[in-house]
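First the structure, in the form of structure tokens, and then the observations on it.
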Amino acid sequence: MLDKTYTPSEIEPRLYEGWERTGAFAADPNSNARPFTIMIPPPNVTGSLHMGHALTFTVQDTLIRWRRMQGRDVLWQPGTDHAGIATQMVVERLLAEQGVDRRDIGRDRFIERVWQWKAESGGTITRQLRRLGASLDWPRERFTMDDGLSTAVREVFVTLYRQGLIYRDRRLVNWDPKLQTAISDLEVESLEVKGSLWHIRYPIEGEAGRFITVATTRPETMLGDTAVAVHPDDARYTDLVGRFAILPLVGRRLPIVADDYSDPEKGTGAVKITPAHDFNDFAVGQRHSLPMPSILDRQARVALAEIADVLTPVQGVADPAFVRSLDGMDRNAARKAIVAELERLELLEKTEPHTHQVPHSDRGGVPIEPLLTTQWYCNAAVLAKPAIEAVETGKTVFVPQQWENTFFAWMRDIQPWCISRQLWWGHRIPAWYGPDGAVFVAYTAAEAQVAADAHYGRGGETLTQDEDVLDTWFSSGLWPFSTLGWPENTQELARYYPGDVLVTGFDIIFFWVARMMMQGIHFMGEVPFRTVYIHGLVRDERGQKMSKSKGNIIDPLELIDRYGADALRFTICALTGPGRDVKLGAARVESYRRFVTKLWNAARFCEMNGIRPDASFDPAHASLPLTRWILDAMNHAIEDASAALEAYRFDDYAAACYRFTWDTFCDWFVEFAKPVLMEGDSVAAHEVRGTAAYVLSSILR
RNA sequence: GGGCGGUUAGCUCAGCGGUAGAGCGUCUCGUUUACACCGAGAGGGCCGGCGGUUCGAAUCCGUCACCGCCCACCA
């Protein structure tokens, strides 16, 4: 007998364990049924379940269980992501607690330590997914750094390299001085910063008392200036073009160049050009063949090596001793010192308060530093073309469709993708260097050696492997096929690629969806999924973004403990409309918990009245108005619910289930059934029992 | 600067060309043996403003306002 009180915490784990143990979630590659595939967006192995996970996995599980009940051969592929930076940071923090720096123990031992951490703590998220009720095919669980997926990564890298789509290049990157690695454009976020705009007088060479004034928010970078640019049509400066200014402090002669980049409206209309520390300036530098000295090191400290030979004393303008005193100084301290020195030299015309957007590392939290380094790049523009076309021609469809615009906008203007990271945890780049710097890209060290021997015409040259690892998204971009055994030609690969639906949030359309489209099409010749369902963000009940600093985080596990996974899952469905964020608070879950309770009690009523599943019951033979009516209503409800799911309308789906269960079944059918059931053993009572059991089981499904 | 989304009952939202809907909350009534985490019923909205198209507009078009987000930009 069902308990009087519904206690999900006693029921849900038992049911889940039973399902998992009996293989209820397993795909069957040998089945004749039509497959239905969803690849889980692999959560970070460091992760623990948050509301965003609860939303995305509830939506996925809803689709998965629905298709499974329709008889499809369902694969919901589980797994986790090695999450390069995030994981490395977690383990570094643990080491720091023991007073150990990763550099102390060296690369190999550090990586060993990360694997050890993963073995001990890496299973948190998958345990929590089970508590949510997610019906993933667990025995197929993969990890982006396991052997098979690492093979796929090497295969892709080597192939793209040989096709000329991966190359090394020396150009400006977004450098995170705290993590000391390059990061991609997507990992940079602009933050509004209240700073100053310093107007600095640069003396004109050979014309005592005349200056050209430049405005800058970053006076410390002036050490690396190699030109001043003015707009070609700017009459104020026409006579100065082609002449030289003297760079204060340093004494370098700076050509005054005409370039469209200079905006007469901004600042003074004359802009200092620091090619090695600003993306726009870099382009100007290339156009005018300017030197590009770096004056900051990888920790964003002043480094004078590249300008040491141009330091020139100039009376009242430049003092090499001062500049040398800056060597090794942090960029912020250097800024202060430089401003003070300019003031002392009376070269600071004025200082204005200035609010502007400053690019920050979205992980390290510090301002990024554009730095001139050699990195590996992927020619994304070439890979993007067929991906754009696939969406244009509807091979892949976004739901809601408006996200296609977002996808197109980014893909049509895609920049070279910097894929190397100066980290230890990740897929090490399969490139080896000879003593003269020649590059050998190969699957293994041994193959690289063979290539090197051929190249040098002799054996035995010592090769050194590239120290860098690949961007995490490089490997997760392969997820739709690497998890299925590619580059092996597996039965799974043939059967479950392409996937049916990808479910994710708009925040990773660029990071992940775009990369899967590009790499999937390139290597599989076919889009990785037919539909991309984009859901919103989970916010708190007031519509605020959840964040640690605001203290408004809602823990889904707490909600599950208190109200049950079903209540949380139903709430999520009910609130998930198209293209809308989900505002969720405990009160909403509580109100839908009542729905689950209602259903529990309806089942209890059935049980008390001898209503049991009856295989011999045939709804086609129902004869009473009451039973014929409820069966008809049930079929309509099923139609509504199915149509809602076909259209990815989880809100409508929940509403259809809610309405039929509560209003139709409980409030009307059960009430009308009571007098009939009182009759005990009559033919009518028998039919009502059979119908009730039949309808209840349909509701449960 | 470019783009996207939103603005409908107290709250959260659906409806997107044919006389305003749901859930929650509110109010009234109800000690019916599944359920008070219940049942029956009620009240509540010039559908952000203005203009246009139409026999007819919350729904289509234009425009403005406010809220939120994305992309670009360290002069």
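If you're wondering where the values come from, they're calculated on a predicted model, not measured in any experiment. We name chains A, B, ... by the order of the sequence lines, and we start the count at 1 in each one.
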Rounded to whole Å, CZ of Arg539(A) lies from C1' of C11(B) at a distance of 17 Å
Is the shortest side-chain N/O distance from Lys674(A) to OP1 or OP2 of A34(B) below 4.0 Å? yes
A14(B) phosphate, OP1 or OP2, under 4.0 Å from Tyr653(A) side-chain N/O: no
Say you pick atom C1' in G45(B) and the same atom in C11(B); how far apart are they, in whole Å? 14 Å
Salt bridge or not for Asp330(A) and Arg301(A), using N-O below 4.0 Å? no
Does Trp662(A) have a side-chain nitrogen or oxygen under 4.0 Å from the phosphate oxygens OP1 or OP2 of G39(B)? yes
With heavy atoms under 4.0 Å as the rule, sort Asp263(A) into base, sugar-phosphate or nothing. base
So, OP1 or OP2 of A34(B): does either fall under 4.0 Å of a side-chain N or O from Lys598(A)? no
With a 4.0 Å cut-off on N to O distance, would you call Arg412(A) and Glu392(A) a salt bridge? yes
Looking only at G15(B), G23(B), A75(B), the nucleotide nearest the Arg649(A) side chain is G15(B)
Could you give the CG-to-C1' distance, from Asp581(A) to U12(B), as a whole number of Å? 13 Å
Look at the side chain of Glu671(A) against the base of A34(B) and say whether a donor-acceptor pair falls under 3.5 Å; ignore hydrogens and angles. yes
Between C47(B) and C71(B), how far apart are the two C1' atoms, rounded to whole Å? 32 Å
Taking OP1 and OP2 of C38(B), is either one under 4.0 Å from a side-chain nitrogen or oxygen of Arg594(A)? yes
At under 4.0 Å between heavy atoms, what does Val214(A) touch on the DNA or RNA strands: base, sugar-phosphate, or nothing? nothing
On the side chain of Ser591(A), is there an atom forming a donor-acceptor pair with the base of C37(B) - under 3.5 Å, no angle test? no
Given atom CH2 of Trp668(A) and atom P of C38(B), what is their separation to the nearest angstrom? 18 Å
Any strand, both distances under 3.5 Å, Watson-Crick or G-U wobble: G18(B) pairs with C55(B)
Return no unless some side-chain N or O of Lys583(A) is found under 4.0 Å from OP1 or OP2 of C13(B). yes
Could you tell me whether the phosphate oxygens of C73(B), OP1 or OP2, come under 4.0 Å of any side-chain nitrogen or oxygen in His356(A)? no
Go ahead and name the base partner of U31(B); Watson-Crick or wobble counts if both distances stay under 3.5 Å, otherwise write none. none
Please figure out whether Ile368(A) or Val670(A) has its closest RNA chain B nucleotide nearer the 5' end. Val670(A)
Between Tyr653(A) and Phe570(A), does the ring centroid distance fall short of 6.0 Å? no
Worked check of salt bridge (charged side-chain N to carboxylate O under 4.0 Å, His left out) between Arg331(A) and Glu220(A): CA-CA 7 Å; Arg331(A) 56 184 166 175; Glu220(A) 71 279 12; over 6 Å; no
In whole angstrom, what separates Asp413(A)'s CG from C70(B)'s C1'? 14 Å
Specify the separation, in whole Å, of atom CG of Leu575(A) and atom C1' of C11(B). 12 Å
OP1 or OP2 of A75(B) versus the side-chain N and O atoms of His199(A): is any pair under 4.0 Å? no
Now, which nucleotide makes the Watson-Crick or G-U wobble pair with C46(B), with each of the two distances under 3.5 Å? none
Parallel, tilted or perpendicular: which one describes the rings of Trp410(A) and Phe510(A), with boundaries at 30° and 60°? parallel
Within 45° of the axis and under 6.0 Å from the centre of the six-membered ring of Trp417(A), does NZ or CZ of Arg515(A) qualify? yes
Mind calculating the distance between CZ (Arg604(A)) and P (C35(B)) to the nearest angstrom? 6 Å
Separation of Phe408(A) atom CZ from G3(B) atom C1', in whole Å? 15 Å
Sticking with atom C1', work out how far G17(B) lies from A57(B), rounded to a whole angstrom. 7 Å
Mind checking who C37(B) pairs with, Watson-Crick or G-U wobble, both distances under 3.5 Å? none
What is the base-pairing partner of G25(B), counting Watson-Crick and G-U wobble geometry with both distances under 3.5 Å? none
Going by purine N1 to pyrimidine N3 plus the second Watson-Crick contact, or the G-U wobble pair, all under 3.5 Å, which nucleotide sits opposite U7(B)? A65(B)
For the pair made of CG in Asp667(A) and P in A22(B), what is the distance, rounded to whole Å? 15 Å
Could you check Val397(A), Ile388(A), Thr396(A), Ile534(A) and say which one makes a side chain to side chain contact (heavy atoms under 4.5 Å, CB included) with Glu404(A)? Val397(A)
